[in-house]
J.: 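Shown below is the structure under consideration.
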Amino acid sequence: MSRDHVQSDERHAPAAGAPGRAHPEPGAATGSAETPFLELLARGASVEAYEQPVLLARAEGLPAERITALQQAASLALRVRAELEGRRRREAELSALFETAHDLAGLRDLDAVLQAIVQRARSLLGTDVAYLSLNDPARGDTHMRVTEGSVAARFQQLRLGMGEGLGGLVAQTARPYVTEDYFRDERFQHTRTIDTGVRDEGLVAILGVPLMLGHHVIGVLFAADRRARVFERGQIALLGSFAALAAAAIDTANLLAETRSALAGLEHANEIIKDRSAVIERASDVHDRLAELVLRGGGVHDVAAAVSQVLDGTVRFTEAGEAPTGALESSRAEGHAVRHRDDWIAAVTAGDELLGALVLRGHPRLDPVDQRTLERAAMVTSLLLLARRSAAEAEQRVRGELLDDLLDARDRDPRLLRDRAARLGADLDATHAVLAARLEGGTADADQEADARRRLWAAASHLAATRQGLAAARDGGTVLLLPLTAGDSATDLARRTARDLGGAVHEPVTVGASAPVEHLTARPDTVASAYTEARRCLDALRLLGRPGDGSAAEDFGFLGLLLAGERDIAGFVTRTIGQVVAYDRRRGTELLRTLDAYFACGMSPARTKDELHVHVNTVAQRLERVGRLLGDDWQSPARALEIQLALRLHRLSAQP
């Protein structure tokens, strides 16, 4: 209550003897001097209110004895009031300590307990800011853990060197320290980092007490004001009590963490025992599964799937060229699975021949029993591969015979050809490309040359079988008939095939591809003509110094006309400017005429508009439309040359 308010209450108090009178008239002869002050104590009046009875007595001219008695009663009442206030404050402090101890007893979240300690310390001490820092032995410094009332981000993120600032003094002496004016206090070491943080926060008076675990200081609890202030002994003791609770909370949390860690270690040991038992069971299980797979004619991928389940990982069979070379050779030489980064590699061999590898992905730690399981699976895989090789060779011969019949353009029943292809998983009604492949690593040894060609044919046959195509050995190389998927081009297929075959035989393989062909059974000479085109493309690649590469006739632009066996002029025009032709036909526009004039005028829009007798904006709009139809690079030198040739061929083919 303010002093003005108290004075107002005194001025408007009822007359002596009236109901509700705050205190008896000071001048009454029979009134006790203590009575008005007892009433003030009863209603918890402010300190200023205790001056009013004495002032009124003086104003009324009462005897000096009466005034002296009132002064003594006021002094006594103020002492009683101070005692009551102290008891209420101690009660609040004890209540806060009790609540904090209760929080500590049910510790679940250390940060929440420390935050509550700091909040209560700030509230009871009536400071602007309270905060707690903890030592970090690993980094050799101390850092802010919890703050309350702080507004400066830099202050909240302070990391202090040991022995720096007021906290360093507290930590060194293990005693509380207080400063009434931080920046004028020379008892501790000032640093730019700390002073800047304190200045950002605007702190002046700071009290720090140590957090002790035994004889060791683990941190400091602070209370601070943004103005000069003297902290009383009771306040220092109270903050020390909160610091003791904070240290106990941290110790309890550390003990809980150690207990949890010990429990986790015991659980881990138990899991290891269980895993050992499970490993033995898995070894027996995988033996039974692999034996069953062999007996019922399972495949390589069935073996990988079975081992994946047993090893609780992902096991895949890969070709020799797809596995890491160093790890694969080590496994082949040692006869054991070897680790490669986070994977395990087990070579699949038959004598000196390397057939591939079983790869266990993302399983860096492998039990010895599981390692032997992977090695046993690799051995079973090699047996399955050898058992199926003869069947695969028979199928390859059948595929080769069908492709030979298509290449030789024999007059056969289309339905019969489709049925033969369907049994091999091929669809002759789909769009295909014919590819001619040839080895580039020639040798003078006839036996080595023949062996290299056999390896190329085997790799091509395998590639054709996996991609629902056909393959045959011909003209010192290999010819393939492979389907084109949506979004795929003959060029992409040729390059991919060159890369795959080269990786399989470990030598450069050059591949030439024909343009896409359809309806292979409709015309007997379709495949043969496409093969001729593919061979010409192959020869062009070798002449251009691009061995080991793959390409299609369409990649050579108008030079493709020279390579193509049938001189496919219409196809070249369609591929080059077909979209512009179709647009003019649909919309009745004059984009082709504009293109002719544009190139004839040296690619000058100004001269083109004079040639066409139109506005220059019209020319710009038409050329912009052409760019959207042909692509942004249509004016590059190479594209411009092809477009001009296509325009000339289009005009010639359109003449009667």
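All figures in this text were calculated on a predicted structure; none of them were measured in a lab.
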J.: Does Val338 reach the side chain of Trp344, with side-chain heavy atoms less than 4.5 Å apart?
T.: no
J.: Is there side-chain contact between Leu358 and Val348, with heavy atoms separated by less than 4.5 Å?
T.: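 In contact.
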J.: Enter the distance from Leu158:CG to Met144:CE here, rounded to the nearest 0.5 Å.
T.: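 Between Leu158 CG and Met144 CE, I get 5.0 Å after rounding to 0.5 Å.
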J.: For Ala347, is there any backbone N or O sitting under 3.5 Å from a side-chain donor or acceptor partner on Ser331?
T.: yes
J.: Where does the angle between the aromatic ring planes of Phe183 and His190 fall among parallel (under 30°), tilted (30 to 60°) and perpendicular (over 60°)?
T.: parallel
J.: Please lay out, stage by stage, how Asp225 and Arg229 fare under the test salt bridge (charged side-chain N to carboxylate O under 4.0 Å, His left out).
T.: CA-CA 7 Å; Asp225 260 342; Arg229 169 177 176 171; 2.9 Å; yes
J.: In terms of heavy-atom contacts, does CZ of Arg184 have more than 12 from other residues, nucleotides or ligands at under 6.0 Å?
T.: no
J.: Does Thr179 form a side-chain contact (heavy atoms from CB on, under 4.5 Å) with Leu207? I'd like the steps, not just the answer.
T.: CA-CA 6 Å; Thr179 177; Leu207 166 63; over 6 Å; no
J.: For Asp111 and Arg145, run side-chain contact (heavy atoms from CB on, under 4.5 Å): C-alpha distance rounded to whole Å, both residues' side-chain angles, the deciding distance at 0.1 Å, then the answer.
T.: CA-CA 8 Å; Asp111 286 334; Arg145 178 66 180 267; 2.7 Å; yes
J.: If you draw a 6.0 Å radius around CZ in Arg316, do more than 12 non-hydrogen atoms from other residues or ligands fall strictly inside?
T.: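 Atom CZ in Arg316 is not crowded, with 12 or fewer foreign heavy atoms closer than 6.0 Å.
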J.: With side chains defined as the heavy atoms from C-beta onward, is the minimum distance between Glu375 and His336 less than 4.5 Å?
T.: yes
J.: Tell me whether Arg159 at atom CZ has more than 12 heavy atoms from other residues, nucleotides or ligands lying less than 6.0 Å away.
T.: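 Yes, CZ of Arg159 has more than 12 neighbouring heavy atoms, counting only those of other groups under 6.0 Å.
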J.: When you compare the side chain of Asp181 with that of Asp185, does any pair of heavy atoms fall below 4.5 Å?
T.: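 The answer is no, as the side chains (C-beta and beyond) never meet within the 4.5 Å cut-off.
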J.: Between Gln172 and Val170, is there a side-chain heavy-atom distance shorter than 4.5 Å?
T.: no
J.: Are there over 12 heavy-atom neighbours, none belonging to His143, within less than 6.0 Å of that residue's NE2?
T.: yes
J.: Could you label the plane-to-plane angle of the Tyr131 and Phe222 rings as parallel, tilted or perpendicular, counting under 30° as parallel and over 60° as perpendicular?
T.: parallel
J.: For the pair Asn135 (side chain) and Val217 (backbone), establish whether a donor and an acceptor sit closer than 3.5 Å, ignoring hydrogens and angles.
T.: yes
J.: Looking only at heavy atoms, which two atoms of Ile236 and Pro176 are closest? And how far apart?
T.: CG2-CB, 3.9 Å
J.: Between Arg499 and Arg496, is there a side-chain heavy-atom distance shorter than 4.5 Å?
T.: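 Yes, at least one pair of side-chain atoms sits under 4.5 Å.
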J.: Look at the side chain of Ser75 and the backbone N and O of Gln72, then say whether any donor-acceptor pair between them is shorter than 3.5 Å.
T.: no
J.: Can you list the residues that meet the salt bridge (charged side-chain N to carboxylate O under 4.0 Å, His left out) rule with Asp492, with sequence neighbours excluded?
T.: none
J.: Just do the side-chain contact (heavy atoms from CB on, under 4.5 Å) check on Ile206 and Val178 with the steps written out, would you?
T.: CA-CA 6 Å; Ile206 303 176; Val178 61; over 6 Å; no
J.: Which salt bridge (charged side-chain N to carboxylate O under 4.0 Å, His left out) pairs, counting each pair once, include a residue from residues 209-224, with sequence neighbours left out?
T.: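 Non-adjacent pairs meeting salt bridge (charged side-chain N to carboxylate O under 4.0 Å, His left out): zero.
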J.: Does Asp633, at its CG atom, have more than 12 non-hydrogen atoms belonging to other residues, nucleotides or ligands within less than 6.0 Å?
T.: yes
J.: How far apart are the closest heavy atoms of Asp141 and Gly161, and which atoms are they?
T.: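 Shortest heavy-atom contact: CB-CA, 4.2 Å.
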J.: Kindly give the heavy-atom pair with the smallest separation between Leu70 and Ala57, and that separation in Å.
T.: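 Reported closest heavy-atom pair: CD1-CB, 3.5 Å.
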J.: Rounded to the nearest 0.5 Å, what's the gap from NE2 on His268 to CG on Leu263? Could you check?
T.: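 So the NE2 of His268 and the CG of Leu263 are separated by 14.5 Å.
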J.: If you measure from the Lys or Arg side-chain nitrogens to the Asp or Glu carboxylate oxygens, is any gap between Arg154 and Glu201 under 4.0 Å?
T.: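 The answer is no: the pair does not qualify as a salt bridge.
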J.: Please list all pairs meeting salt bridge (charged side-chain N to carboxylate O under 4.0 Å, His left out) that have one or both residues in residues 336-348, counting only residues at least two apart or in different chains.
T.: Asp343-Arg361
J.: Using atom types as modelled and distance alone, determine if a side-chain donor or acceptor of Arg122 lies under 3.5 Å from a backbone N or O of Asp128.
T.: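 Indeed, once roles are kept as given, a pair shorter than 3.5 Å links the two residues.
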J.: So, the side chain of Thr127 versus the backbone of Ser123: is there a donor-acceptor pair under 3.5 Å, distance only?
T.: no
J.: Using 0.5 Å steps for rounding, measure from the OG1 atom of Thr196 to the CZ atom of Arg199.
T.: 6.0 Å
J.: Would you check, one step at a time, whether the test side-chain contact (heavy atoms from CB on, under 4.5 Å) holds for Leu62 with Arg58?
T.: CA-CA 6 Å; Leu62 294 182; Arg58 287 175 176 168; over 6 Å; no
J.: Closest heavy-atom contact between Val204 and Glu180?
T.: CG1-O, 3.5 Å
J.: Once rounded to the nearest 0.5 Å, what's the spacing between atom CG of Leu55 and atom CD1 of Ile67?
T.: 10.0 Å
J.: From Glu51 CD over to Leu78 CG, what is the distance, rounded to the nearest 0.5 angstrom?
T.: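 These two atoms lie 8.5 Å from each other.
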J.: For the residue pair Val315 and Leu360, establish whether any side-chain heavy-atom pair is separated by less than 4.5 Å.
T.: yes
J.: Could you give me the CA-CA distance, side-chain angles and deciding distance for Tyr177 and Phe231, then say whether ring pair (Phe, Tyr, Trp, His ring centres under 6.0 Å) is met?
T.: CA-CA 10 Å; Tyr177 269 88; Phe231 288 95; over 10 Å; no
J.: Heavy atoms only: give me the nearest Thr318-Ala323 pair and the separation to one decimal.
T.: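 Scanning both residues completely, I find the closest heavy atoms to be OG1-CB, 3.9 Å.
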J.: Taking all atoms of both residues into account, what is the closest heavy-atom pair of Leu354 and Glu329, and its distance?
T.: CD2-OE2, 4.3 Å
J.: Measure from the side-chain N and O atoms of Thr147 to the backbone N and O of Ser150, and report whether any donor-acceptor pair falls under 3.5 Å.
T.: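 Looks like no, no N/O pair under 3.5 Å.
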J.: Does Val220 reach the side chain of Val209, with side-chain heavy atoms less than 4.5 Å apart?
T.: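 The answer is no; the side chains never approach within 4.5 Å.
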J.: Rounded to the nearest 0.5 Å, what separates atom CG in Leu238 from atom CZ in Arg120?
T.: 12.0 Å
J.: Do Asp136 side-chain atoms and Ala138 backbone N/O form a donor-acceptor pair below 3.5 Å?
T.: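 Here the side-chain-to-backbone pair exists.
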